[in-house]
Amino acid sequence: MSYAIVFSSRTGNTRRLAEAVRAALPAGECLYFGPPSAAALAAGRLYIGFWTDKGSCDEALAAFLPQLAGHEVFLFGTAGFGADPAYFDAILGRVAALLPPSAAAVGRFMCQGRMPDAVRARYTAMPEGERRTQMLANFDMARTHPDAADLAALTAAVRALPPQAFDLRAAKPADAGALGALHCQAWRETYPGLLPAAMLQSLSPEKSAARFAQEGCRDMLLAFCGGEPAGFCGFGPWRAGPGAAEGEIIGLYVLKAYQRRGVGTALLRAALAALAARGLDRVSLWVLDGNEKAVRFYESFGFAATGETKGEPPLRERRLRR
């Protein structure tokens, strides 16, 4: 199952935790390891690491977390103070509150992290008293963290997580049959009342599979739930004309049995991230006239109707763009 590890680390403490997470998981399934990036959104589960800044996560992570709609998230972090577990819980609670409602928090971990020597110098300069003594004692206690026990506890927490609810990966030529079956079933589930019944019944998984095979399944993302194909999304450069510096979402479908689990959201975010990596930040798509559920879904991602249409009823489509 694919995953990504995203982290911010000012002094190296959180990076050590991130490396422990990576060591605890199958290396071949890691899609991304590094600072906040749209490239990480192609994974279904993200391990998010932060250092504590003013009682919450650092600014880089705070800006990234709201993008994780539909993803599973494991939070891990470091803080200089750590004598009171309730302090860690409060920090993790504030960080988790930055996640969008559809993100699923599957686990969390926090430990102390060593602070720069300049911090101790600042504490030493404080007036004599109980507070100064406590601050210096905490600094010295944090010197050895994250230690071996911290890393072992994090490893155990990561390995104890339940399997992912869904997984995404790039389609391969061998997936043509699965894509063909998904395409036919999804159309029959999505378009009753919008397309003639005879048209839907005439669809053939074999014909669809042949088309996918001919195209080599390029620029296709497949979603799996419990190991079963659950949905797909095609994307690429805008097909209306050559040379247009614009991307296109070329069909996104999730079978009804797997809807409302964040699968469609994850597929679209991954496709948009892949297009953005090619410099295609402007993206369009076509929606069948009358498919208001799809329109509302895309509008939640910033797409809006352009007023353009193509085709004739019942195959007339509206263009949305962001």
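It should be emphasised that the depicted structure is a prediction, and the values quoted were computed from it without experimental measurement.
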Does Ser37 reach the side chain of Val6, with side-chain heavy atoms less than 4.5 Å apart? no
Please examine the side chains of Gln112 and Phe88, heavy atoms only from C-beta on, and report whether any two atoms are closer than 4.5 Å. yes
Set of residues satisfying salt bridge (Lys or Arg N to Asp or Glu O under 4.0 Å) with respect to Lys207, sequence neighbours excluded: none
Can you find a heavy atom in the side chain of Arg132 that is under 4.5 Å from one in the side chain of Thr124? yes
With salt bridge (charged side-chain N to carboxylate O under 4.0 Å, His left out) as the rule and sequence neighbours excluded, what pairs involving residues 5-28 come up? Arg15-Glu19
For side-chain contact (heavy atoms from CB on, under 4.5 Å), just list the numbers for Leu275 and Asp281, CA-CA rounded to whole Å, side-chain angles, deciding distance to a tenth of an Å, and then say yes or no. CA-CA 7 Å; Leu275 290 170; Asp281 295 304; over 6 Å; no
Is Glu246 salt-bridged to Arg321, going by a charged N under 4.0 Å from an acidic O? yes
If we only count heavy atoms from C-beta on, is the Leu17 to Cys111 side-chain gap below 4.5 Å? yes
Between Leu252 and Phe235, is any pair of side-chain heavy atoms under 4.5 Å apart? no
Can you give me the closest heavy-atom contact between Pro66 and Ala63, atom names plus distance? CD-O, 3.6 Å
Could you list the residues that satisfy salt bridge (Lys or Arg N to Asp or Glu O under 4.0 Å) with Glu189, not counting sequence neighbours? none
Between the main-chain N or O of Cys217 and the side-chain N or O of Glu215, is there a donor-acceptor pair closer than 3.5 Å? no
For a salt bridge (Lys or Arg N to Asp or Glu O under 4.0 Å) with Glu248, tell me which candidate from Arg322, Arg239, Arg282 qualifies. Arg239
Applied to residues 36-49, the salt bridge (charged side-chain N to carboxylate O under 4.0 Å, His left out) test, sequence neighbours excluded, yields Arg45-Glu72
Using the test ring-ring contact (aromatic ring centres under 6.0 Å, His included), find all partners of His183 that sit at least two apart in sequence or belong to another chain. Trp187
So, for Pro36 and Leu61, which heavy atoms are closest and what is the spacing to 0.1 Å? CG-CD2, 3.9 Å
CA sep, side-chain torsions, deciding dist, call: Leu65, Cys57, side-chain contact (heavy atoms from CB on, under 4.5 Å): CA-CA 10 Å; Leu65 290 174; Cys57 62; 4.1 Å; yes
Considering only residues two or more places apart or on different chains, which pairs with a residue in residues 289-307 satisfy salt bridge (charged side-chain N to carboxylate O under 4.0 Å, His left out)? Asp289-Arg316, Asp289-Arg318, Glu292-Arg318
Strictly below 4.0 Å, N to O, side chains only: are Glu317 and Lys310 in salt-bridge contact? yes
Check the pair Leu154, Val158 against side-chain contact (heavy atoms from CB on, under 4.5 Å), reporting the backbone distance first and the verdict last. CA-CA 6 Å; Leu154 173 58; Val158 167; 4.0 Å; yes
Residues forming a side chain to side chain contact (heavy atoms under 4.5 Å, CB included) with Ala23, sequence neighbours excluded: none
Check whether any side-chain heavy atom of His71 sits under 4.5 Å from a side-chain heavy atom of Leu41, and report yes or no. yes
Atom CZ of Arg131 with >12 non-hydrogen neighbours under 6.0 angstrom: no
Check residues 47-56 and write down every donor-acceptor pair under 3.5 Å in which the side-chain atom is one partner and the other belongs to a residue at least two apart or another chain.
| residue | atom | partner | partner atom | Å |
| --- | --- | --- | --- | --- |
| Thr52 | OG1 | Thr78 | O | 2.8 |

Any ring-ring contact (aromatic ring centres under 6.0 Å, His included) involving residues 11-42? Give me the pairs, sequence neighbours left out, ordered by first then second residue. Phe7-Phe33
Suppose we screen for salt bridge (Lys or Arg N to Asp or Glu O under 4.0 Å). Which residues come up paired with Arg114, at least two apart in sequence or across chains? Asp117
Side-chain contact test, heavy atoms from C-beta onward, threshold under 4.5 Å: evaluate it for Arg169 versus Asp175 and give yes or no. yes
Partners meeting side chain to side chain contact (heavy atoms under 4.5 Å, CB included) with Pro314 (sequence neighbours left out): Leu195, Pro196
Whether Arg188 side chain and Leu200 backbone form a donor-acceptor pair below 3.5 Å: yes
According to ring-ring contact (aromatic ring centres under 6.0 Å, His included), does anything in residues 298-322 pair up with another residue at least two apart or in another chain? List the pairs. Phe297-Phe301, Tyr298-Phe303
Check the angle between the aromatic planes of Tyr253 and Phe232 and answer parallel, tilted or perpendicular using the 30° and 60° thresholds. tilted
How long is the straight-line distance from SG of Cys30 back to CG of Leu25, given to the nearest 0.5 Å? 8.0 Å
Interatomic distance, CG@Leu222 vs CG@Leu182, rounded to 0.5 Å, equals 6.5 Å
